Student: 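Before we start, here is the structure in question, set down as C-alpha cells.
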Amino acid sequence: MSHFLTSFDARSAAVRVRFGPGVRHQLADEITHLGCRRALILSTPPQADGAMEMAADLKGMAAGVFTRAAMHTPVAVTEEAMEHARSVDADCLVALGGGSTTGLGKAIAYRTDLPQIVIPTTYAGSEATWILGQTENGEKTTVTDPKIQPEVILYDAELVRTLPVDMTVTSALNAMAHAVEALYAENRNPMSTMLAIEGLRAFAAAMPRVIENPEDLDARGETLYGAWLCGTVLGQVGMALHHKLCHTLGGSFDLPHAETHAVVLPHALAYNSIAVPDLLAPVTGIFGGSNPGRALFDFARSMGAPLALRDLGLKRDDVAKAAELATRKPYWNPQPVTRPAIDELLLAAWAGDPPAA
Ligand code: NAD
C-alpha cells in the first residue's frame with residue numbers, strides 16, 4: 001500500500017539557526033540582532049562555570065546569570081528565575097545547556113514573551129519546539145504556544161564534546177525517538193518525513209565516530225545537526241506509543257528521561273512495525289537488517305546504551321502498573337494499543353530482551 005500523502009498540513013517556525021564550532025562567541029551579535037542589550041544567562045548548577053564564562057565573554061551585555069535550572073522545569077524555579085530577570089532588567093534570555101535549561105528559558109518566555117537564544121549542549125532537541133513541559137505539585141503538564149519557541153539557536157560542536165559518552169548515547173537515542181515516531185505520525189507530511197529520515201541518518205553516521213573519539217568536532221557537529229532535525233520534527237507532528245510509555249515511566253516511576261527513551265525505543269518501534277512496515281522501512285535502510293526494532297536494538301547495544309528498564313530502577317511489580325497507566329486512556333497509534341500487548345512489550349524492555357517483532 002502506498003502511503004503517499006495527497007492532502008496534508010505543515011508548519012515551520014521562523015527560527016534563526018547557526019551551526020559551527022565556536023559559534024557561541026557570536027552571542028553578542030545575536031543579542032544585538034534581536035534588538036536587545038541585557039541578557040539573562042541560564043544554566044543548571046553543573047554548567048554554572050560555562051554560564052559564568054559566557055557572561056564574562058558578553059561583558060556589559062550580560063545582565064545576570066541564573067544557574068538553578070532543574071529537571072522537569074519546576075514552576076517554583078521558574079518564578080525564582082523570573083524574579084531574577086526582573087531585578088536585573090533583562091530584555092532577553094540565553095539558555096546554555098540541555099532540555100532542562102532550555103525548558104526554564106521557555107517557561108520564562110511563555111510568561112513574559114522575552115526573546116530566547118538557546119545554546120544546546122545535549123541532543124534533546126527542545127530548542128526546536130514550542131512545547132513546554134513543566135511540573136507543579138508533582139504533576140507534569142505540557143503547554144504549546146508560539147511564545148515558547150526560541151528565536152535563535154546556536155549549535156556549537158565544541159560544547160557537546162564535554163557530554164560524557166553514556167549521556168551522549170542516551171541523548172542521541174532520545175533525539176532519534178522523535179524522528180522514529182514522526183515517520184508514522186498521524187499528521188506527518190512529506191517535509192516531516194524528510195527531516196526524520198535525515199535526522200536518523202545523521203546520528204547513524206556520526207555516533208560510531210563520536211564513540212571512537214568524543215572530541216571529534218566534525219562528528220559532534222553532525223550529531224547536533226541530527227538533533228536539530230529530530231527536534232524540529234518533534235515540533236511539527238504528534239508523537240504516539242513510544243512517547244506515551246516514556247512519559248508514564250518518567251512521570252509515575254521517576255525513571256531518568258533520556259535513558260528511558262533509549263531502552264523503550266526499539267520495543268515501541270518493533271510494536272508499530274507490524275502495522276506500518278513500509279513507513280518504517282527507512283529505519284532498516286539506515287541501520288541495516290530486515291526488522292526495524294531489532295536494527296535499532298542492535299545499534300543501541302553496539303553503542304553501549306542501557307537495554308533494560310530494571311537497570312534504570314523499575315521494579316518487576318511496577319511493569320503491570322506502568323502498562324495499566326499507559327493504556328488507561330485511548331490515544332492514536334498505528335498499531336492498536338492493547339493491555340496484554342503493552343504488558344508483553346514492557347516486560348521485554350524491563351528484562352532487556354530484544355524486541356519481539
Ligand atoms: P538535562 O538538560 O537535564 O541535562 C542532564 C545533565 O547533563 C544536567 O546536569 C546538565 O547540566 C548536564 N549536561 C548537559 N549538557 C552537558 C554537557 N555538554 N557536558 C556535561 N554535562 C552536561 O537533560 P536533557 O536530556 O538534555 O533534557 C531533558 C529534559 O528536556 C526533560 O525534562 C525533557 O522533558 C525535556 N525535553 C523537552 C522537549 C520539548 O520539546 N519541550 C524536548 C526534549 C526534551
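The analysis underlying the following values was restricted to heavy atoms, covering all of them including side chains, and did not include hydrogens, waters or symmetry mates. All values reported here derive from a predicted model rather than from experimental measurement. We count ligands from 1, going down the list as the structure has it; atoms in each ligand are counted the same way.
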Student: Go through the structure and list residues passing side-chain hydrogen bond (donor to acceptor under 3.5 Å, both in side chains) with Tyr225, not counting sequence neighbours.
Tutor: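 side-chain hydrogen bond (donor to acceptor under 3.5 Å, both in side chains) list for Tyr225, sorted by chain: Glu198.
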Student: Write out each pair where an N or O from ligand 1 and one from the protein are under 3.5 Å apart, with the distance.
Tutor:
unit_1, atom_1, unit_2, atom_2, d
ligand 1, 2 (O), Gly99, N, 3.0
ligand 1, 2 (O), Ser100, N, 2.9
ligand 1, 2 (O), Ser100, OG, 3.4
ligand 1, 3 (O), Ser100, OG, 2.5
ligand 1, 11 (O), Thr44, OG1, 2.6
ligand 1, 11 (O), Gln47, OE1, 3.0
ligand 1, 15 (N), Gln47, NE2, 3.3
ligand 1, 15 (N), Thr121, O, 3.3
ligand 1, 15 (N), Thr121, OG1, 2.7
ligand 1, 18 (N), Thr121, O, 3.1
ligand 1, 18 (N), Leu159, O, 3.1
ligand 1, 18 (N), Thr162, OG1, 3.2
ligand 1, 19 (N), Thr162, O, 3.3
ligand 1, 19 (N), Thr162, OG1, 2.9
ligand 1, 26 (O), Gly99, N, 2.8
ligand 1, 26 (O), Thr122, OG1, 2.6
ligand 1, 27 (O), Gly99, N, 3.1
ligand 1, 34 (O), Lys140, NZ, 3.1
ligand 1, 40 (O), Thr129, OG1, 2.7
ligand 1, 41 (N), Ile131, O, 2.9

Student: Yes or no on side-chain hydrogen bond (donor to acceptor under 3.5 Å, both in side chains) for Tyr110 and Asp145, after CA distance, side-chain angles and deciding distance?
Tutor: CA-CA 7 Å; Tyr110 176 54; Asp145 190 291; 5.2 Å; no
Student: Quick one: does Glu186's side chain get under 4.5 Å of Asn333's, heavy atoms only?
Tutor: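 With C-beta onward as the side chain, the pair stays apart.
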Student: Less than 3.5 Å apart, which donor and acceptor atoms pair up between the side chains of residues 40-56 and the rest of the protein, not counting sequence neighbours?
Tutor:
unit_1, atom_1, unit_2, atom_2, d
Gln47, NE2, Thr121, OG1, 3.0

Student: Looking only at the aromatic ring of each residue, does the gap between the centers of Tyr123 and Phe203 stay below 6.0 angstrom?
Tutor: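 Yes, the ring centres sit under 6.0 Å apart.
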Student: What residues, two or more places apart in sequence or in another chain, satisfy side-chain contact (heavy atoms from CB on, under 4.5 Å) together with Ala341?
Tutor: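 Ala341 satisfies side-chain contact (heavy atoms from CB on, under 4.5 Å) with Tyr271, Thr338 only.
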